[in-house]
Amino acid sequence: MPIDVSIIIVNYKSEQDLEKCLKSLYRCTEGVSFEIFIYNNDSNKDTLEALISSYNNCNLIQSFSNVGFAKACNLAASKASGKYLFFLNPDTYLENNALGYFIDFFENNSNNKTACLGAYMNNTQAQAQHSFGYFPIMSIVIIKKLKSLTRHLIFKRHLNKNDTSFEFNKVQPVAYVTGADLFMPHKIFKQVNGFDERFFMYFEECDLQKRLTDLGFQNFIIPGPKIVHSKGASFKDQSALMRVYYLESFLKYLKKHEPSYKYYPFLAIWFLLDLKTFFQKFNLLNQKENVVTR
């Protein structure tokens with residue numbers, strides 16, 4: 001029997017969150033055939049095997065080192081047989097038949113240039129969570145940096161229900177959907193060779209959807225699916241190491257997508273504006289194995 005959706009979850013020491021995520025998937029999903037691949041980035045294998053043993057079509061892929069989010073997703077996707085792929089964080093859970101909503105959108109939408117879908121995610125307090133982002137523009141980044149805004153506000157937008165510039169009950173085109181709940185056709189993922197594995201953590205979904213946008217595809221946030229991102233940490237609460245990885249991936253993204261005559265002057269200006277983080281990068285990169293979540 002053909003599989004509608006292959007769900008891919010990258011796990012790193014998130015067994016308690018993962019259990020709630022799995023329960024919600026099997027409880028809420030109706031009329032959709034699915035399989036699950038859990039890529040375990042160096043966590044307790046025995047605990048996970050026991051956890052998934054009671055679920056049908058739930059598969060464990062064990063790694064003995066932390067290969068990062070992009071590579072883990074690619075390896076899991078290579079084993080997937082679903083018509084669609086759904087990349088889902090372990091610290092999320094469904095409150096309705098979200099897979100059904102995503103499939104209905106693709107099946108009933110005549111626009112064959114739709115690539116990626118995501119939901120308007122909330123946290124456990126029903127507050128809007130980071131669900132999409134904008135492709136970085138170097139000049140705007142520098143201007144905002146000079147105004148002393150945090151790096152997180154430069155690249156990502158946190159919505160709240162009082163934001164009148166965004167309508168939460170409508171389909172909205174976005175630059176990219178966050179990797180916490182990214183739904184897309186399997187064939188389109190293959191068309192662009194999946195995630196770029198040079199991104200260990202952060203900006204891999206931004207890069208993927210930038211490449212898709214350059215090919216003429218569109219990405220959307222849609223109403224209907226109810227997904228809670230229970231532990232989506234704000235940038236200001238992240239460790240110094242996480243901030244360093246954020247900067248490292250951001251610079252990789254710009255170097256890949258911007259011409260050299262723009263990128264290197266930008267890098268020089270950014271270096272002068274943020275010497276502290278650059279020095280942190282050299283001191284902390286050897287801790288890559290300790291990165292826990294996105």
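Looking at residues two or more places apart in sequence or on another chain, you find a side-chain contact (heavy atoms from CB on, under 4.5 Å) between P259 and Y261, K262. Taking the side-chain contact (heavy atoms from CB on, under 4.5 Å) definition, one finds that C58 meets it with L22, Y26, I36, I38, I52, Y55, sequence neighbours left out. Shown here are the salt bridge (Lys or Arg N to Asp or Glu O under 4.0 Å) partners of E95, two or more places apart in sequence or in another chain: there are none. Partners of D214 by side-chain hydrogen bond (donor to acceptor under 3.5 Å, both in side chains), not counting sequence neighbours, listed by chain and number: K210. Under the side-chain contact (heavy atoms from CB on, under 4.5 Å) criterion, S249 pairs with F199, Y202, F203, not counting sequence neighbours. Considering only residues two or more places apart in sequence or on other chains, E197 meets the side-chain hydrogen bond (donor to acceptor under 3.5 Å, both in side chains) condition with N74. In this view, T92 satisfies the side-chain hydrogen bond (donor to acceptor under 3.5 Å, both in side chains) rule with no residue, not counting sequence neighbours. In this structure K256 satisfies the side-chain hydrogen bond (donor to acceptor under 3.5 Å, both in side chains) test together with D196, D207, sequence neighbours excluded.
Within the model, atoms OG of S24 and CG of N96 stand 10.0 Å from one another, a figure rounded to the nearest 0.5 Å. To the nearest 0.5 Å, the span separating NZ on K113 from CZ on F217 amounts to 4.5 Å. Note that CG of L60 and CG of N11 are 8.5 Å apart. Values are rounded to the nearest 0.5 Å. The line from SG of C206 to CD of E204 is 9.5 Å long, rounded to the nearest 0.5 Å. The distance from the CE atom of M121 to the OG atom of S230 is 10.5 Å, given to the nearest 0.5 Å. Within the model, atoms SG of C28 and NZ of K226 stand 10.5 Å from one another, a figure rounded to the nearest 0.5 Å.
Looking at N219, its side chain does come within 3.5 Å of a backbone N or O of C116 through a donor-acceptor pair. Using modelled atom types, no side-chain atom of E205 and backbone atom of V177 make a donor-acceptor pair closer than 3.5 Å. Between the side chain of N89 and the main chain of D91, no donor-acceptor pair closer than 3.5 Å is present. With hydrogens and angles ignored, the 3.5 Å screen pairs a side-chain donor or acceptor of S63 with a backbone N or O of S65.
Here salt bridge (Lys or Arg N to Asp or Glu O under 4.0 Å) pairs that include residues 22-34, with residues two or more places apart or in two chains, are E19-K23. Screening residues 70-86 for salt bridge (Lys or Arg N to Asp or Glu O under 4.0 Å) gives K83-E107 as the qualifying pairs, with residues at least two apart or on separate chains.
In this structure, Y93 belongs to a hydrophobic cluster whose other members, linked by side-chain heavy atoms under 4.5 Å apart, are V228.
Donor-acceptor pairing under 3.5 Å is recorded for the side chains of S33 and D4. Between the side chains of E35 and S6, a donor-acceptor pair is found at a separation under 3.5 Å. With 3.5 Å as the limit, one finds a donor-acceptor pair spanning the side chains of N40 and Q62. With 3.5 Å as the limit, one finds no donor-acceptor pair spanning the side chains of H229 and N123.
Surrounding OH of Y101 are at most 12 heavy atoms belonging to other residues, nucleotides or ligands under 6.0 Å away.
Nearest heavy-atom pair across G133 and H130 is N-CE1, 4.2 Å. Heavy-atom minimum distance, I8 versus C73: CD1-O, 4.0 Å. For A175 against F135, the heavy-atom pair with the smallest separation is O-CZ, 3.3 Å. Between F34 and L25, the shortest heavy-atom contact is CZ-O, 4.1 Å.
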Quick one, F106 with Y84, criterion ring pair (Phe, Tyr, Trp, His ring centres under 6.0 Å). Give me CA distance, side-chain angles, the key distance, then yes/no. CA-CA 10 Å; F106 274 109; Y84 298 97; 5.3 Å; yes
Does the pair V171 and F105 meet the rule for a side-chain contact (heavy atoms from CB on, under 4.5 Å), with working shown? CA-CA 10 Å; V171 174; F105 185 91; 3.9 Å; yes
Does the pair E248 and M201 meet the rule for a side-chain contact (heavy atoms from CB on, under 4.5 Å), with working shown? CA-CA 9 Å; E248 180 186 42; M201 188 176 186; over 6 Å; no
Steps toward side-chain contact (heavy atoms from CB on, under 4.5 Å) verdict (V174, F220): CA-CA 5 Å; V174 296; F220 295 93; 5.8 Å; no
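Between V10 and P90, the closest side-chain pair of non-hydrogen atoms is not below 4.5 Å. Counting only heavy atoms from C-beta outward, the side chains of I9 and F37 never approach each other to under 4.5 Å. The shortest distance between side-chain heavy atoms of L88 and L94 falls below 4.5 Å. Residues L251 and Y263 are in side-chain contact: their nearest non-hydrogen atoms beyond the backbone lie under 4.5 Å apart.
At a threshold of 4.5 Å between side-chain heavy atoms, the hydrophobic network of Ile, Leu, Val, Met, Phe, Trp and Tyr places Y39 and I3 in two separate groups.
Under the 30°/60° scheme for interplanar angles, the aromatic rings of F250 and F266 are found to stand perpendicular. Note on ring orientation: taking the six-membered ring where Trp is involved, the planes of F132 and Y134 are perpendicular (angle over 60°, cut-offs 30° and 60°).
Aromatic pair F69/F200: ring centres not closer than 6.0 Å. Ring centroids of F87 and F195 are separated by less than 6.0 Å, placing the two rings close together.
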Name every donor-acceptor pair, under 3.5 Å, that has one atom in a side chain of residues 180-194 and the other anywhere in the protein, sequence neighbours excluded.
| residue | atom | partner | partner atom | Å |
| --- | --- | --- | --- | --- |
| D181 | OD2 | A119 | N | 2.9 |
| H186 | ND1 | G82 | O | 2.9 |

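Each of I7, V5, N97 was scored for a side chain to side chain contact (heavy atoms under 4.5 Å, CB included) with T29, with one residue passing: N97.
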